[in-house]
Amino acid sequence: MSSKKKRYTAAFKAQVALEALRGELTTAQLAAKHNIHVTMVGDWKRQAQAGLAAIFAAPPASEA
């Protein structure tokens, strides 16, 4: 029997990462709340932090 790898949407990852960045719950608590592995929470949090720096490094979009 083959099992398929669970895929998570970008919106779900962003939601979990934002919760992790807020720091209201521990990584373990977030993982249990969303039924995911603890390392995923940490990975998504690190990716979000790296992505935030890129957002502010980019030149602002021209306003119409």
Side-chain angles (χ1 to χ4, degrees):
M1 173 186 262
S2 66
S3 62
K4 290 190 175 187
K5 184 178 177 179
K6 176 71 174 161
R7 306 268 182 192
Y8 298 99
T9 65
F12 177 75
K13 291 177 184 180
Q15 175 189 357
V16 173
L18 282 174
E19 288 183 42
L21 288 169
R22 283 188 195 116
E24 295 172 356
L25 298 174
T26 66
T27 304
Q29 289 171 327
L30 282 173
K33 176 182 174 183
H34 295 288
N35 198 25
I36 58 176
H37 197 273
V38 176
T39 58
M40 296 171 115
V41 175
D43 289 346
W44 296 345
K45 180 180 175 181
R46 279 189 291 282
Q47 289 172 8
Q49 287 172 325
L52 284 173
I55 289 171
F56 293 108
S62 61
E63 297 184 13

Carefully, step by step, assess Ile36 and Tyr8 under the rule side chain to side chain contact (heavy atoms under 4.5 Å, CB included). CA-CA 10 Å; Ile36 58 176; Tyr8 298 99; 3.6 Å; yes
Give every residue pair that meets the salt bridge (charged side-chain N to carboxylate O under 4.0 Å, His left out) criterion with at least one member in residues 11-23, sequence neighbours excluded.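 Matches after skipping sequence neighbours: Glu19-Lys33.
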Donor-acceptor pairs are to be reported for all side-chain atoms of residues 38-49 against protein atoms at under 3.5 Å, with residues two or more places apart or in another chain.
unit_1: Thr39; atom_1: OG1; unit_2: His37; atom_2: ND1; d: 3.0
unit_1: Asp43; atom_1: OD1; unit_2: Arg46; atom_2: NH2; d: 2.7

Those residues that, when tested against Thr26, pass side-chain hydrogen bond (donor to acceptor under 3.5 Å, both in side chains) (two or more places apart):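 By the side-chain hydrogen bond (donor to acceptor under 3.5 Å, both in side chains) rule, Thr26 matches Gln29.
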Once you round to the nearest 0.5 Å, how far does CG of Leu30 lie from CG of Leu18?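 The CG atom of Leu18 is 11.0 Å from CG of Leu30, to the nearest 0.5 Å.
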